[in-house]
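Numbering of residues begins at 1 and proceeds along the displayed sequence.
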Amino acid sequence: METFQKPLSNLQLELLKLYSRNISENDLQAIQKMLGSYFANKAMDATDKVWDEKGWTDDDALKMVNQKMRTPYKRK
């Protein structure tokens, strides 16, 4: 089996520095929560941008909620 080595991202390198230290379970949980909040906020900002670009309204949101938007699977 052939393996490919990719360089670590800047985030992975920073986290490795953090993980090389012994931190309390409470600190670890706080860091996990902080990372989750950061990426959730980033996703919401991107969503808000698309919302504004499309000019969607609350009525559009209600239509989307009630629509079946899944892509149907093709049977083989």
Side-chain angles (χ1 to χ4, degrees):
M1 180 176 184
E2 192 174 329
T3 60
F4 296 96
Q5 288 185 332
K6 294 182 182 181
L8 296 175
S9 72
N10 58 348
L11 175 60
Q12 289 169 318
L13 290 170
E14 198 60 35
L15 290 173
L16 283 174
K17 289 180 202 173
L18 176 66
Y19 292 139
S20 68
R21 306 166 117 190
N22 284 325
I23 62 173
S24 70
E25 187 64 28
N26 286 341
D27 285 345
L28 179 58
Q29 289 175 359
I31 291 166
Q32 289 170 330
K33 185 176 180 179
M34 198 170 32
L35 286 170
S37 293
Y38 170 78
F39 285 110
N41 286 332
K42 195 169 178 175
M44 287 301 298
D45 290 344
T47 302
D48 289 342
K49 182 180 176 190
V50 170
W51 186 277
D52 292 339
E53 287 172 356
K54 301 279 186 182
W56 289 335
T57 65
D58 289 343
D59 288 337
D60 294 321
L62 289 173
K63 289 176 189 173
M64 285 185 253
V65 167
N66 294 316
Q67 251 181 3
K68 294 184 191 260
M69 300 175 75
R70 286 188 65 190
T71 303
Y73 293 101
K74 294 180 182 179
R75 294 187 181 186
K76 293 181 182 181

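Every residue two or more places apart in sequence or in another chain that forms a side-chain contact (heavy atoms from CB on, under 4.5 Å) with Lys17 is listed here: Glu14.
Under a cut-off of 6.0 angstrom, the local environment of CG in Asp58 is sparse, with at most 12 non-hydrogen atoms contributed by other residues, nucleotides or ligands.
The list of ring pair (Phe, Tyr, Trp, His ring centres under 6.0 Å) pairs with a residue in residues 32-51, not counting sequence neighbours, reads Trp51-Trp56.
Summarising the hydrophobic clusters (Ile, Leu, Val, Met, Phe, Trp, Tyr; side-chain heavy atoms under 4.5 Å, direct or chained), the residues clustered with Leu8 are Leu13, Leu16.
Residue Asp27 holds its CG atom at 11.5 Å from CG of Asn22, rounded to the nearest 0.5 Å. Atoms CG and CD, on Leu28 and Glu25 in that order, are 5.0 Å from each other to the nearest 0.5 Å. Here CD1 of Ile31 is found 11.0 Å from CG of Asn26. Values are rounded to the nearest 0.5 Å. Once rounded to the nearest 0.5 Å, the distance linking OG1 of Thr57 with NZ of Lys63 reads 7.0 Å. To the nearest 0.5 Å, the span separating CE on Met64 from CG on Asp59 amounts to 10.5 Å.
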